[in-house]
There are 2 protein chains.
Amino acid sequence: MNVDFKPDNFQVALATSVVLYGFDGHDLKLLIGTKTNDPFKGADFLPTIPVGVKEEPEMVVRKLMRKVTGFDDWPIERLNVFADPYRNPLGRVVNIAFYGTLRLNEELENNLGSSEFRWVNSDQTPPLAFDHNDIVDYSKERLKRRVKRRPIGFSLLPREFTLNQIQRLYECALGRELDKRNFRRKLLKSELLVETGKTVRSSPRAKRPSQLFRFDGKKYRTLSLEGYDFVYQ
Amino acid sequence: MNVDFKPDNFQVALATSVVLYGFDGHDLKLLIGTKTNDPFKGADFLPTIPVGVKEEPEMVVRKLMRKVTGFDDWPIERLNVFADPYRNPLGRVVNIAFYGTLRLNEELENNLGSSEFRWVNSDQTPPLAFDHNDIVDYSKERLKRRVKRRPIGFSLLPREFTLNQIQRLYECALGRELDKRNFRRKLLKSELLVETGKTVRSSPRAKRPSQLFRFDGKKYRTLSLEGYDFVYQ
DNA sequence: ACAAAAGTGTTACACTTACACCCATGT
DNA sequence: ACATGGGTGTAAGTGTAACACTTTTGT
């Protein structure tokens with residue numbers, strides 16, 4: 001069986017793109033850029049960067065995130081590889097795509113590294129260049145799956161959050177409404193949330209304040225080792 | 001943002017490997033080869049083949065399967081991509097790995113396309129060249145997940161099979177024993193099995209014959225469209 | 001006192017798990 | 001008649017889903 005590589009096998013380029021999700025307490029958004037050069041100049045696309053022949057894709061993605069948002073210390077996960085032979089008109093480019101999750105705050109929302117990028121509501125993704133809409137769709141499925149099985153949303157939430165915020169996040173990610181009482185019961189039973197004792201008013205119109213919770217990361221890691229599965233159907 | 005590719009980005013090669021699972025009614029096996037040339041001459045490895053610059057990985061994998069087993073019409077699924085920069089000593093080779101499932105029969109088991117290949121019990125995978133053990137481990141996790149959520153085992157089973165065979169297959173894939181009564185109840189409730197009325201004796205020593213069932217593929221496709229989830233915990 | 005959002009319990013049903021014996025058949 | 005694997009039922013417990021009102025607080 002031939003497993004030898006001849007010189008003309010080494011003609012492929014690597015790229016990596018990242019689908020960055022941010023949650024601002026009310027909406028789930030993702031980061032979109034606009035191409036400033038050909039091919040597809042002027043089209044929207046995902047943050048994307050070539051991967052050098054000796055580079056590790058994850059490192060390259062972190063570099064890219066830092067360039068675009070100013071930070072690179074958010075959890076990311078490899079999504080999939082998009083390897084259609086003609087997905088890029090310049091030649092064969094294999095795209096190793098990632099997705100990441102972060103808490104949106106005003107600083108992040110307004111001070112992006114360059115004006116080529118913006119946050120869009122995750123259910124209003126515009127048409128994108130290359131096969132980037134496929135990448136976004138794939139990442140949404142992955143996020144849905146993760147949210148169902150792992151209490152992963154915490155990297156999207158503020159460090160202290162209300163039960164209504166986390167429910168809203170789950171509803172955005174899953175794309176459907178959830179029952180408040182059942183959601184709370186399930187969440188509190190997991191014992192991954194701890195009360196802070198603090199409260200906050202969700203809006204100027206809201207009279208009664210909500211309780212603030214935070215995520216018990218240590219407990220989660222312990223449970224995780226025991227094979228804990230969150231599972232929100 | 002730089003998304004331009006310069007000529008020296010195009011120096012990567014693509015390969016694809018396949019983890020082929022076969023079930024012979026009693027054991028779950030997978031296909032392993034022995035390298036006949038360097039690098040790693042003499043080492044065991046997965047069936048692997050370079051992907052040409054204009055080729056589609058799935059097509060290449062099917063070609064590979066045909067070369068090794070004589071057939072290429074089994075269901076395959078893309079697993080993951082293994083892209084560590086130094087996984088191959090010849091240069092940067094990105095491996096787009098697949099896994100496939102087939103029914104083992106004596107013909108397949110004994111008439112492999114070449115003597116470089118053999119079937120090994122899936123829980124006795126030998127040390128493999130490159131990062132192929134990682135690929136195998138990953139495929140086992142995927143198979144486990146698939147078996148839990150989809151009635152996927154049917155491409156591994158003979159067209160007509162006994163409940164004991166399918167239980168045995170699930171036990172191999174999940175790596176643990178299952179309760180016979182609970183397993184049957186669950187499986188029969190799904191209404192994806194139809195009785196053939198035929199029976200077979202499982203071994204010369206077995207006196208009472210077992211009933212033969214087959215899979216109702218049409219019903220499955222219908223249920224599938226409605227978002228059916230099998231779920232065997 | 002009213003407006004607004006926060007917060008809270010119960011019941012019916014479905015599914016999961018644990019468990020041990022009788023049955024049909026060939027020799 | 002016996003040996004062999006094939007086949008069957010029940011009960012307890014756990015999780016899910018549907019459902020509407022009371023409480024707290026600021027104005």
Side-chain angles (χ1 to χ4, degrees), chain A residues 25-26 147-149 151 157-158 160-171 174-214 223 226-233, chain B residues 25-27 147-149 151 157-158 160-171 174 176-214 223 226-233:
Chain A
H26 201 261
V147 152
K148 280 186 185 175
R149 303 197 71 88
L157 289 165
E160 300 187 337
F161 51 85
T162 68
L163 294 178
N164 288 315
Q165 284 177 321
I166 186 169
Q167 181 174 346
R168 172 78 189 154
L169 168 61
Y170 270 63
E171 288 176 337
L174 296 175
R176 64 190 165 90
E177 298 200 339
L178 301 173
D179 181 89
K180 187 153 72 159
R181 282 166 291 189
N182 294 339
F183 184 78
R184 284 169 187 236
R185 188 185 6 250
K186 180 141 198 173
L187 219 58
L188 293 173
K189 185 161 60 66
S190 78
E191 298 191 308
L192 289 167
L193 302 192
V194 293
E195 295 187 42
T196 62
K198 300 183 213 166
T199 58
V200 71
R201 283 173 64 194
S202 62
S203 83
R205 297 189 317 181
K207 325 287 182 182
R208 180 176 180 179
S210 321
Q211 306 236 50
L212 284 168
F213 291 81
R214 55 183 184 71
L223 288 175
E226 296 161 8
Y228 172 76
D229 243 8
F230 182 72
V231 182
Y232 203 92
Q233 299 290 350
Chain B
H26 201 260
D27 287 307
V147 152
K148 279 185 185 175
R149 301 198 73 89
L157 288 165
E160 301 187 335
F161 51 84
T162 69
L163 294 177
N164 287 316
Q165 284 178 321
I166 187 171
Q167 181 174 348
R168 172 78 190 154
L169 169 60
Y170 270 63
E171 289 176 335
L174 296 176
R176 63 189 164 90
E177 298 201 339
L178 301 172
D179 180 273
K180 187 154 70 162
R181 280 168 293 189
N182 294 339
F183 183 80
R184 283 168 187 236
R185 188 184 7 254
K186 180 140 201 176
L187 219 59
L188 294 173
K189 184 162 58 65
S190 77
E191 296 190 311
L192 289 167
L193 302 192
V194 294
E195 295 188 43
T196 62
K198 300 184 213 166
T199 57
V200 69
R201 285 173 63 195
S202 61
S203 82
R205 295 189 318 182
K207 324 288 184 182
R208 180 176 179 178
S210 319
Q211 305 235 51
L212 284 168
F213 291 81
R214 57 184 182 71
L223 287 175
E226 296 162 7
Y228 173 77
D229 242 9
F230 181 72
V231 183
Y232 202 94
Q233 301 290 350

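Computed from a predicted model, the values in this text were never measured in an experiment. Order of the sequence lines sets the chain letters (A, B, ...), proteins ahead of strands, with each chain counted from 1.
- Residues B:Gly25 and B:Arg168 share a closest heavy-atom pair of O-CG, 4.3 Å.
- When every heavy atom of A:Arg181 is checked against every heavy atom of A:Asp179, the shortest pair comes out as N-OD2, 3.1 Å.
- Spacing between atom CG of B:Leu163 and atom P of C:dC23 amounts to 20 Å, rounded to whole angstrom units.
- Distance, B:Arg205 CZ to D:dG6 P: 11 Å, rounded to whole Å.
- In this structure, the side chains of B:Leu174 and B:Lys148 come closer than 4.5 Å at one or more pairs of heavy atoms.
- Here A:Arg181 does not reach the OP1 or OP2 of C:dG9: none of its side-chain N or O atoms lies under 4.0 Å away.
- Residue whose closest nucleotide on DNA chain D sits further toward the 5' end, between A:Asn182 and A:Arg208: A:Asn182.
- Residues B:Leu212 and B:Thr162 meet the side-chain proximity criterion, which asks for heavy atoms closer than 4.5 Å.
- Whole-Å rounding puts the A:Glu177 CD to D:dA18 P distance at 13 Å.
- In this structure, B:Lys186 reaches the C:dT16 phosphate: one of its side-chain N or O atoms is under 4.0 Å from OP1 or OP2.
- Heavy-atom nearest nucleotides on DNA chain C were determined for A:Ala206 and for A:Leu188, and the one closer to the 5' end corresponds to A:Ala206.
- Dashed line: the shortest gap from a side-chain N or O of B:Asn164 to OP1 or OP2 of D:dG6 is under 4.0 Å.
- Nucleic acid contact class of A:Ser202 (heavy atoms, under 4.0 Å, all strands): sugar-phosphate only.
- The interatomic distance linking B:Arg184 (CZ) with C:dC21 (C1') rounds to 15 Å, in whole Å.
- Where B:Lys180 and A:Arg185 meet DNA chain C, the nucleotide closest to each residue was compared, and A:Arg185 sits on the side nearer the 5' end.
- Atom CG in A:Leu178 sits roughly 11 Å away from atom P in D:dA18 (whole-Å rounding).
- Between B:Gln211 atom CD and C:dC23 atom P the separation is 16 Å, expressed in whole Å.
- The minimum heavy-atom distance linking B:Arg149 with A:Arg149 is given by the pair NH1-NH1, 3.5 Å.
- Contact annotation for A:Arg201: backbone-only contact, meaning every heavy-atom pair under 4.0 Å involves sugar-phosphate atoms and none involves a base.
- One atom, NZ of B:Lys189, and another, P of D:dT8, lie 17 Å apart when rounded to the nearest Å.
- Atom-to-atom, CD of B:Gln165 to C1' of D:dG5 comes out at 14 Å; the value is rounded to the nearest Å.
- Residue-level contact check: B:Asp179 touches the bases, meaning some heavy atom is under 4.0 Å from a base atom.
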